[in-house]
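In what follows, every chain begins at residue 1, and chains take the letters A, B, ... in the order their sequences are listed. What you are looking at is a predicted structure, and each value in this text was computed from that prediction instead of being measured.
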Amino acid sequence: MTKINAPKGTRDILPTEIAAWQQAERQFAAVCARYGYQEIRIPTFESTDLFQRGVGDTTDVVQKEMYTFLDKGGRSISLRPEGTAGVVRSYLENGMASWSSPVRLWYNITAFRYENVQKGRYREFHQFGCEVFGADGPVVDAELISLLALFFKEIGLGQTSLRINSIGCPVCRTAYNQLLKAHIQPHLADMCPTCNDRFEKNPLRIIDCKEHKCQPVTKTAPALLDHLCPDCQTHFDGLCTNLDELGIAYTVDRGIVRGLDYYTRTVFEFISDHVGTQGTICGGGRYDGLIESIDGPHTPGIGFALGVERLMMELNSQGVSVATLPVPLIYIAGLGAAAATKARQITFLLRQQGIYAETDLMNRSLKAQMKFAGKTGATYTLVLGDDEIANGEAKLKHMADSTERVVRLDQLAAFLTAR
RNA sequence: GUGGGAUUAGCUCAGUUGGUUAGAGUGCCAGAUUGUGGCUCUGGAGGUCGUGGGUUCGAUUCCCAUAUCCCACCCCA
């Protein structure tokens, strides 16, 4: 029998970490609620078609990284590599266009990509995300970004910089592509195969290339941001103004070109340098053409996804104090069979009153029970023997300073609650 | 898909220039005049040395393959 391990690229989130995860989840949900965003839960898998059309079948994510299989009905199914496509599908399928606009949603999902694993990158990973449908103004972009800024602030994350850019719309991109190709053409023979491949298909992505031999060309290339059409320019200026008005700091980074095909106009990232080379904690942007591309009516949209593993790594490296698991308020030790029964009864009673109480489950000696109580971090311990049961009162020990006080058993819950 | 490093007890790691029963720390369980935790002492459980081949009288140690982990390219959250 070979030993069975977790599949490559997956990991267990153990109780020692779970309090921090729960805290992040709570705080994200709380901030979203204050903004009027509503939670949506979508399927883990969808038709492969949805991702091919929604994410874009020229992307690496769709071409090489999806977990795709045929189900027993012969349908091609894929585990979601991201959340936006599924939310858009749900938006259309459930007629959310008829809801009052804008429709603002958030989600907490796992996503799956078959990639080689490294720091901050897993095959199964977690994302928090938001999507806004039906509003096209830059105030929406700014609100969405402000939600993130507020979340980072509340969870205690500093040193994370916001970078923004605009990658225009089909109109300005067509004109820009001609400029870009004219710039690249003379050097194409010296550039990497990927760039050569992208030259015809999606020249904009060449800007994103990190190959050393391509750098001289990409660094000097004209930036799309400097060649926006009037409408896109107005939108981008509006975003900057709105961010300024909200007091949110940002830097314009002409090099941000998101890797998913659906983005238009506004793109942004929150970046940290503590997460290895996977510094993007959160990335997002506007996708005004996405809904049409999966057969919906023209509907503007914008969203982001936040990598929860990367967020947790960043919190750790910044030394942000995170939540710890709750400790028992009281441990009740039982001496002998009759007292042990009574201890279990009282423990059950206390638990019904909302108190975190523990007692022995392993028929251990008193010493071992005390040791266990100490390890759980219980605030109080109480030893129950035949005398205590007969008298109806027992000594309640405060573990931190070893002080004891006598408490009537029938008033234990009241004492602990009032404390 | 490509490259570098790693894999020995639950965890963190020693170690054997190839040789009988593979160690430490920590954690776990138990005990130190049977009714009180943390400190100390004693004892115990726990490893076919990642897996599969090869070389050898003999492999945890050398060689090959493979899996997984870590890091980087690429890509992205």
Side-chain angles (χ1 to χ4, degrees), chain A residues 1-11 14 16 55 58-66 80-84 108-129 148 192-195 198 205 208-212 214 256-260 263 267 269-272 275-285 303-314 331-336 339 362 364-388 394-402 404:
Chain A
M1 283 288 255
T2 50
K3 190 180 171 191
I4 298 175
N5 293 319
K8 186 182 178 73
T10 66
R11 62 190 283 272
L14 300 176
T16 46
V55 179
T58 67
T59 61
D60 281 3
V61 168
V62 167
Q63 280 183 340
K64 319 192 284 205
E65 298 174 1
M66 282 208 297
R80 59 187 173 208
E82 51 101 60
T84 302
N108 173 10
I109 61 170
T110 53
F112 307 85
R113 295 182 196 173
Y114 190 87
E115 295 184 272
N116 248 336
V117 177
Q118 66 184 73
K119 194 177 181 70
R121 197 172 74 183
Y122 302 95
R123 289 185 174 178
E124 180 185 28
F125 58 100
H126 295 73
Q127 292 187 328
F128 296 160
L148 276 164
C192 71
T194 311
C195 286
R198 285 170 174 166
R205 296 287 313 285
D208 207 21
C209 185
K210 277 129 192 138
E211 290 277 334
H212 289 297
C214 303
I256 297 179
V257 181
R258 315 250 68 237
L260 307 179
Y263 289 110
V267 290
E269 294 181 349
F270 280 84
I271 297 179
S272 138
V275 194
T277 50
Q278 312 300 319
T280 304
I281 291 182
C282 170
F304 69 79
L306 185 158
V308 185
E309 283 82 1
R310 292 182 186 179
L311 173 69
M312 302 314 289
M313 290 170 78
E314 185 61 15
Y331 179 94
I332 301 179
L335 271 172
M362 299 182 64
R364 285 201 265 229
S365 70
L366 178 61
K367 191 181 183 75
Q369 291 190 56
M370 288 304 291
K371 196 170 175 181
F372 179 84
K375 254 183 309 197
T376 63
T379 308
Y380 294 102
T381 53
L382 183 140
V383 176
L384 212 56
D386 294 338
D387 293 349
E388 284 81 2
K395 280 186 283 193
L396 186 68
K397 179 173 182 177
H398 186 71
M399 292 294 270
D401 57 18
S402 296
E404 292 185 324

| In whole Å, what separates the C1' atom of U51(B) from that of A67(B)? | 7 Å

Separation of U51(B) atom P from K8(A) atom NZ, nearest Å, is 18 Å

Review point. Looking at C75(B), does its base get a donor-acceptor pair with the side chain of Q63(A) below 3.5 Å?
Key: no

Rounded to the nearest 0.5 Å, the CD atom of Q369(A) sits from the CZ atom of R364(A) at a distance of 8.0 Å

ask   = Going by heavy atoms in the side chains, are N116(A) and K8(A) under 4.5 Å from each other?
value = yes

| How about T379(A) and H398(A): do any of their side-chain heavy atoms sit closer than 4.5 Å? | yes

Any Y114(A) side-chain heavy atom under 4.5 Å of K64(A) side chain = no

Correct closest heavy-atom pair for G285(A) and Y263(A) would be N-CE2, 3.2 Å

#### Entry: A9(B) and G5(B), which share atom name P, separated by this distance in whole Å
22 Å

Practice item. Give F304(A) one of three labels, base, sugar-phosphate or nothing, depending on what nucleic acid heavy atoms sit under 4.0 Å from its own. Key: nothing

If you measure from the P atom in U33(B) to the same atom in C49(B), how many Å do you get, rounded?
-> 41 Å

Note on RNA chain B: ranges paired as stems (three or more Watson-Crick/G-U pairs in a row, both atom distances under 3.5 Å) are B:1-7 with B:67-73, B:10-13 with B:23-26, B:28-32 with B:40-44, B:50-54 with B:62-66

Side-chain contact check for R121(A): nearest option of C74(B), C76(B), G31(B) is C74(B)

Winner on side-chain proximity to E115(A), out of C75(B), C69(B), A72(B), is C75(B)

Taking A77(B), U68(B), A30(B) as options, the one with an atom nearest any side-chain atom of R364(A) is A30(B)

Just N and O in the side chain of Q118(A): are any of them under 4.0 Å from OP1 or OP2 of A72(B)? yes

Taken to the nearest whole Å, OH/Y114(A) to P/C76(B) is 19 Å

Problem set entry | Beyond-backbone contact of E309(A) with I281(A), side-chain heavy atoms, under 4.5 angstrom | no

Here the gap from L384(A) atom CG to L366(A) atom CG, rounded to the nearest 0.5 Å, amounts to 11.0 Å

Closest non-hydrogen atoms of V117(A) and G9(A), given as atom of the first, atom of the second and distance, are CG2-CA, 3.5 Å

K64(A) NZ to C73(B) P, in whole Å, measures 15 Å

Ranking A77(B), U68(B), C74(B) by distance to the side chain of R113(A), first place goes to A77(B)

Heavy-atom closest pair (F112(A) atom, F125(A) atom, distance to 0.1 Å) is N-CE2, 4.1 Å

In whole angstroms, the gap separating P of G50(B) from CG of N5(A) amounts to 13 Å

Are V55(A) and E82(A) close enough that some pair of their side-chain heavy atoms sits under 4.5 Å apart?
yes

Problem set entry | Atom C1', compared across G10(B) and C57(B): separation rounded to whole Å | 38 Å

Rounding to the closest angstrom, what is the interatomic distance between C70(B) and C13(B) at atom P? 14 Å

In whole angstroms, the gap separating C1' of C75(B) from CZ of F112(A) amounts to 19 Å

> When the C1' atoms of G1(B) and G47(B) are considered, how many whole Å apart are they?
Replying inline: 37 Å

M66(A) CE to C76(B) P, in whole Å, measures 14 Å

Expected string for nucleotides 35-43 of chain B under the B/S/- scheme (protein heavy atoms, under 4.0 Å, primed atoms plus P, OP1, OP2 as sugar-phosphate) is BBBB-----

Taken to the nearest whole Å, CD/E82(A) to P/C75(B) is 18 Å

Here the distance between atom P of C70(B) and atom CZ of R123(A), to the nearest Å, is 11 Å

| message | Counting the atoms with a prime plus P, OP1 and OP2 as sugar-phosphate, which does A305(A) contact under 4.0 Å by heavy atoms, base, sugar-phosphate, or nothing? | response | sugar-phosphate

**Q.** Whole-Å P distance, G54(B) and U21(B)
**A.** 23 Å

Practice task
Indicate, with a heavy-atom threshold strictly under 4.0 Å, whether E65(A) touches base, sugar-phosphate, or nothing.
Solution key: sugar-phosphate

If the C1' atom of G50(B) is compared with that of G43(B), how far apart are they to the nearest Å?
32 Å

Residue pair G9(A)/F125(A) against RNA chain B: nearer the 5' end by closest nucleotide is G9(A)

- Any side-chain heavy atom of M399(A) within less than 4.5 Å of one from M370(A)? yes

